[in-house]
There are 2 protein chains.
Amino acid sequence: MSSYAVVMAENLLASASAERADAAANRQRILAAAERLFAERGPQISMTELASAAGVGRATLYRRYPDVTSVAVALLDVHEQQLQQQMISGPPPLGPGASPRRRLQAFYDAMIDLLEQHLPLALGAEQGATRFATGAYGFWRTFVISLIRAAGRQDDALADALLAPLAPELYRYQRQDRGQTVSQVKGALARLAHVLPE
Amino acid sequence: MSSYAVVMAENLLASASAERADAAANRQRILAAAERLFAERGPQISMTELASAAGVGRATLYRRYPDVTSVAVALLDVHEQQLQQQMISGPPPLGPGASPRRRLQAFYDAMIDLLEQHLPLALGAEQGATRFATGAYGFWRTFVISLIRAAGRQDDALADALLAPLAPELYRYQRQDRGQTVSQVKGALARLAHVLPE
DNA sequence: AGAGGAAGTGGACAGGTTGTCCGCTTGCCT
DNA sequence: AGGCAAGCGGACAACCTGTCCACTTCCTCT
């Protein structure tokens, strides 16, 4: 690729995202620092810490992210969108084609894998009451509602109840405070999935 | 009752609780102010606010309660202990005698009633990650574990999963953001209780 | 290529919160 | 009644948040 093409591509990208080159660089520095900080220090980091760890001023950080949870949400989004894609158009049992119960169970397994891999991020993404305000929660919710409907029922409240055990804070408690294994947690959720018909 | 007897009773009480009279009065003022503040302002109140609303100095407040959640927990304890008593020795279906599924469903109903009545307090009692550190959670957990065992299984993780939908924050979301009725929430939990045998 | 303008940047500021400390006050026991 | 210990409240330092503004950097257009 010629350097001219590179420049053109970067220009395209910049105009598409309406973001200047230095701004994009800082965004990367912020996200990288956040990923490191969340892993090292846990979910309790302040905007001040994050800014200085990223080597940017506080106002620069605030320009993009209103609070720490937004940064965590942005970091999680990458992994979540991948999962969401598989739920919509991937192969069964997660994708369409399997029974509601099977699909719910596959969803549980995938979410637990996600939590296991990115727990600090998931915890950071819901400081305060932001859990349900997140776009991701709406997606999971719509998915489970459709499974319940496919099973011949109509019960939004049941969807919320079925999603409740996926709260990151609960998973942290089960794994760290109670010493439960990943298999034990997945097994319990598999039992829960039995509220939907095979 | 003679005033002498009153004095003696107060002395007994004071020595039993190892708390001086003025201290007891301040505790009452703090609890009363907290109950009012939680109801008026929601769960987001600071120790500073609480102290000034109670008309005591900050250090006085800190002497008894390390943070706001402790105050909320103390206020909830009264109602929770009443429920716990009924679970241990009350009449079926909440008390012993009914099937595990029935008892779980009765427990769900009672907890939802509690949440409905004291939601601001319940929300205030778990700012941060304190939900599972609470003594109350351990009690609910032991109860559900015993139900599961009575149903012939052994699955602690399932107990945690079954308790997850009782998170105050979820209930707030269901009622306020989603407009679900108390009956709808209870109905969904009743379905969830079907993971235990009749 | 370079100049103008807009987007981006970082340091500073005010307001608020937390947890602790210490000198004074108050209640209780003898 | 007096002494002692527990209780009290104001003050303090450290921190965090969200915003503002003067300066810098990048992009675009000629």
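Lettering of chains follows the sequences in order, A, B, ..., and the numbering in each one begins at 1. All values below come from the heavy atoms of this structure, side chains included, with hydrogens, waters and symmetry mates left out.
- Ring geometry for Trp140(B) against Phe107(B) counts as tilted: the plane angle lies between 30° and 60°, on a 0 to 90° scale.
- Regarding Arg29(A), its CZ atom lies at a distance of 12 Å from the C1' atom of dG10(C), rounded to whole Å.
- The distance from atom CG of Leu50(B) to atom P of dT17(C) is 12 Å, rounded to the nearest whole Å.
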Enumerate the protein-to-nucleotides 25-27 of chain C contacts in which both atoms are nitrogen or oxygen and the separation is below 3.5 Å.
from, atom 1, to, atom 2, distance (Å)
dT26(C), O2, Arg20(B), NH1, 3.3
dT26(C), O2, Arg20(B), NH2, 3.1

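- Contact check for Leu166(B) versus Tyr171(B): no side-chain heavy atoms found under the 4.5 Å cut-off.
- Following rounding to the nearest Å, Arg63(B) (CZ) and dG10(D) (P) show an atom-to-atom distance of 15 Å.
- Going from atom CZ of Arg64(A) over to atom P of dA7(C) covers 14 Å, rounded to whole Å.
- Residues passing the side chain to side chain donor-acceptor pair (under 3.5 Å) test with Glu126(B) are Arg131(B), sequence neighbours excluded.
- For residues 64-73 of chain B, every residue pair satisfying the salt bridge (charged side-chain N to carboxylate O under 4.0 Å, His left out) rule, not counting sequence neighbours, is listed here: Glu19(B)-Arg64(B).
- Applying the side chain to side chain donor-acceptor pair (under 3.5 Å) test to Ser146(A) and every residue at least two apart in sequence or in another chain returns nothing.
- Atom CD1 of Ile30(A) is separated from atom P of dG8(C) by 12 Å (rounded to the nearest Å).
- As rounded to whole Å, 13 Å separates atom P of dG7(D) from atom OH of Tyr65(B).
- In terms of the side chain to side chain donor-acceptor pair (under 3.5 Å) criterion, residue partners of Arg41(B) (sequence neighbours excluded) are, by chain and number, Glu49(B).
- Pairs engaging residues 44-91 of chain A under the ring pair (Phe, Tyr, Trp, His ring centres under 6.0 Å) rule: His79(A)-His118(A) [sequence neighbours left out].
- Residues in residues 143-163 of chain A take part in these salt bridge (charged side-chain N to carboxylate O under 4.0 Å, His left out) pairs, two or more places apart or across chains: Arg141(A)-Asp160(A).
- Side-chain N/O atoms of Asn26(B) include none lying less than 4.0 angstrom from OP1 or OP2 on dG7(D).
- With sequence neighbours excluded, the residues forming a salt bridge (Lys or Arg N to Asp or Glu O under 4.0 Å) with Arg172(B) are Glu169(B), Asp177(B), listed by chain and number.
- OP1 or OP2 of dG8(C) has not a single side-chain nitrogen or oxygen of Thr60(A) nearer than 4.0 Å.
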Item to complete: Go along nucleotides 16-23 of chain D 5' to 3' and tag each nucleotide: B for a protein heavy atom under 4.0 Å from its base, S when only backbone or sugar atoms are that close, - otherwise.
Response: SBBBB---
